[in-house]
Amino acid sequence: MIRTLVTGATGTLGTALRPRLTAGGHAVRATSRSPPKETKGNLDWVELDLIEGTRIRSALENIDVVIHTATAPQGDTAAVDVQGTKRLLKAAEAADVEHFLYPSIVGIDDIPFSYYEHKAVAEKAVEESNIPATIVRATQFYSFIAELLDSVAKLPVWPLPTNVQIQPVDVDTVADVIVDHATLTASGRTDPVGGPEIHSVGELAQTYRAARGLRRPIIRFPIPGKTMTAFRTGQATCPDHRVGRVTWEEWFAERYASEVDETSSRVQSPT
Ligand SMILES: NC(=O)c1ccc[n+]([C@@H]2O[C@H](COP(=O)([O-])OP(=O)(O)OC[C@H]3O[C@@H](n4cnc5c(N)ncnc54)[C@H](OP(=O)(O)O)[C@@H]3O)[C@@H](O)[C@H]2O)c1
């Protein structure tokens with residue numbers, strides 16, 4: 001049985017990975033700063049803050065494979081994604097970990113956005129470490145796009161960088177690919193994982209608006225600079241690697257249907 005540590009185990013990708021790894025026969029240890037919501041079963045969970053570096057050694061005890069999904073895109077990415085990754089790599093090397101698997105993002109070399117620049121530095125640290133490694137780059141997750149659109153949904157008009165090109169993917173596809181690589185043999189840099197379709201943000205917003213039955217106008221909000229130029233010219237996409245099968249329309253219809261179901265069962269259930 002492969003003993004696998006998942007950092008960032010409560011995040012979007014970490015949450016998708018845990019049941020898949022367990023079903024695949026891994027003994028999973030999960031880490032993050034706060035525990036996962038569901039604590040059913042014998043969850044092996046270690047509280048770990050990559051900034052402070054506490055508990056890294058105990059988290060890595062008797063571990064064969066590390067899947068390092070912890071990240072802080074809205075926080076201190078230099079401290080978590082760069083220094084935290086380097087700290088984890090050093091400790092993993094000392095703990096004789098056999099394989100370090102690192103999820104990353106398509107296009108980070110060509111998009112001058114500070115989070116992406118920090119991810120690129122972290123990738124380099126992973127490659128330069130003495131632990132055999134696998135780096136799997138993916139495009140933006142549908143849930144991330146949905147969160148962005150949720151954040152403008154209540155505005156009377158939606159100001160969006162409508163001509164930005166992305167190729168979002170469902171997180172389950174990315175998790176499946178990562179679990180396939182979660183063996184004792186490292187694969188180096190793998191093919192990137194993208195969704196089935198490339199869309200502009202304007203198109204994604206229109207699908208979202210229609211699925212929610214909303215009528216707010218979508219207006220183009222031009223954001224100047226090299227970062228947006230890179231997104232506009234498709235640097236965040238991987239057209240030759242359309243791995244995901246679920247489209248944005250299908251994903252969103254399912255997400256919204258389950259939200260409607262939850263709301264109606266809350267309304268109907270006696271208090
Ligand atoms: N989201 C996307 O669209 C996307 C697309 C392509 C690739 N990726 C990559 O996939 C990986 C996972 O992304 P995600 O979207 O699943 O991330 P996420 O949902 O933001 O989850 C981040 C995880 O990191 C943990 N974390 C944050 N700060 C920490 C710290 N100081 N110490 C220890 N743990 C910490 C969080 O838990 P606590 O806050 O409880 O610690 C959480 O479990 C990342 O490498 C990301 O770059 C993401």
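Predicted, not measured: the structure shown is a model, and the values here were computed from it.
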How close do [X] and [Y] get, heavy atom to heavy atom, and via which atoms?
| X | Y | answer |
| --- | --- | --- |
| V171 | A16 | CG1-CB, 4.2 Å |
| R18 | A30 | CD-CB, 3.8 Å |
| S32 | S34 | OG-O, 2.6 Å |
| P196 | R242 | O-NH1, 3.1 Å |
| V106 | A236 | CG1-O, 3.6 Å |

Using the rule that Ile, Leu, Val, Met, Phe, Trp and Tyr join whenever any side-chain heavy atoms are under 4.5 Å apart, tell me whether [X] and [Y] fall into a single cluster.
| X | Y | result |
| --- | --- | --- |
| V201 | F113 | yes |
| L17 | I63 | no |
| W248 | F231 | yes |
| L88 | V126 | yes |
| I2 | L101 | yes |

| message | Exactly one of L21, L5, V136 should register a side chain to side chain contact (heavy atoms under 4.5 Å, CB included) with I67. Which one does? | response |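 Checked L21, L5, V136 against I67; only one passes side chain to side chain contact (heavy atoms under 4.5 Å, CB included): L21.
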| query | Considering the options L13, V6, T190, which one meets the side chain to side chain contact (heavy atoms under 4.5 Å, CB included) requirement together with I178? | reply |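 Exactly one option meets the side chain to side chain contact (heavy atoms under 4.5 Å, CB included) with I178, and it is L13.
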Heavy-atom side-chain proximity of [X] to [Y] below 4.5 angstrom:
| X | Y | answer |
| --- | --- | --- |
| F144 | P73 | no |
| P168 | L204 | yes |
| T233 | Q165 | no |
| R216 | L155 | no |
| L43 | P36 | yes |
| I198 | P239 | yes |
| E98 | V65 | no |
| P112 | E117 | yes |

Indicate whether any N or O donor in one side chain lies under 3.5 Å from an N or O acceptor in the other, for [X] and [Y].
| X | Y | answer |
| --- | --- | --- |
| H68 | T85 | yes |
| T71 | D81 | yes |
| T229 | R232 | yes |
| S143 | W251 | no |
| T139 | Q167 | no |
| T134 | H181 | no |

Hey, is [X] close enough to [Y] for a salt bridge, meaning N to O under 4.0 Å?
| X | Y | value |
| --- | --- | --- |
| D109 | R137 | yes |
| D150 | R255 | yes |
| E61 | R57 | no |

Rounded at 0.5 Å granularity, tell me how far [atom1] in [X] sits from [atom2] in [Y].
| X | Y | atom1 | atom2 | value |
| --- | --- | --- | --- | --- |
| T54 | E52 | OG1 | CD | 5.0 Å |
| L60 | K90 | CG | NZ | 13.5 Å |
| R55 | R33 | CZ | CZ | 14.5 Å |
| E127 | I135 | CD | CD1 | 4.0 Å |
| K37 | T10 | NZ | OG1 | 8.5 Å |
| Q83 | I51 | CD | CD1 | 10.5 Å |

| query | Would F141 and D170 count as a side-chain contact (heavy atoms from CB on, under 4.5 Å) if you check the C-alpha gap in whole Å, the side-chain angles of each, and the deciding distance to 0.1 Å? | reply | CA-CA 6 Å; F141 302 158; D170 63 307; over 6 Å; no
Any donor and acceptor pair, going by atom type alone, linking the side chain of [X] with main-chain N or O of [Y] inside 3.5 Å?
| X | Y | answer |
| --- | --- | --- |
| T173 | V169 | no |
| T15 | T12 | no |
| T4 | V28 | no |
| W158 | V152 | yes |
| R3 | D64 | no |
| T7 | T69 | yes |
| R87 | L50 | yes |
| S129 | I131 | yes |
| E128 | A125 | no |
| R29 | A59 | yes |

| query | Is the CZ atom of R189 crowded by more than 12 outside heavy atoms at less than 6.0 Å? | reply |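 Yes, enclosed.
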| Taking atom CD of E249 as the centre, does the number of heavy atoms from other residues, nucleotides or ligands within less than 6.0 Å exceed 12? |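 Result for CD/E249: open.
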| Would you say the ring centroid of F252 lies under 6.0 angstrom from that of Y142? |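 Distance test on ring centres: not under 6.0 Å, no.
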| message | Go through it in stages, so that I can follow the logic: the residues are I145 and Y208, the test is side-chain contact (heavy atoms from CB on, under 4.5 Å), and I'd like the CA-CA distance, side-chain angles, deciding distance and then a yes or no. | response | CA-CA 10 Å; I145 307 301; Y208 172 99; over 6 Å; no
| query | Where do R209 and I218 land on the side-chain contact (heavy atoms from CB on, under 4.5 Å) test, with the steps shown first? | reply | CA-CA 9 Å; R209 185 177 60 177; I218 297 166; 3.7 Å; yes
| request: Could you please spell out the steps behind the side-chain contact (heavy atoms from CB on, under 4.5 Å) verdict for K119 and Y102? | output: CA-CA 10 Å; K119 291 284 300 181; Y102 188 55; 3.1 Å; yes
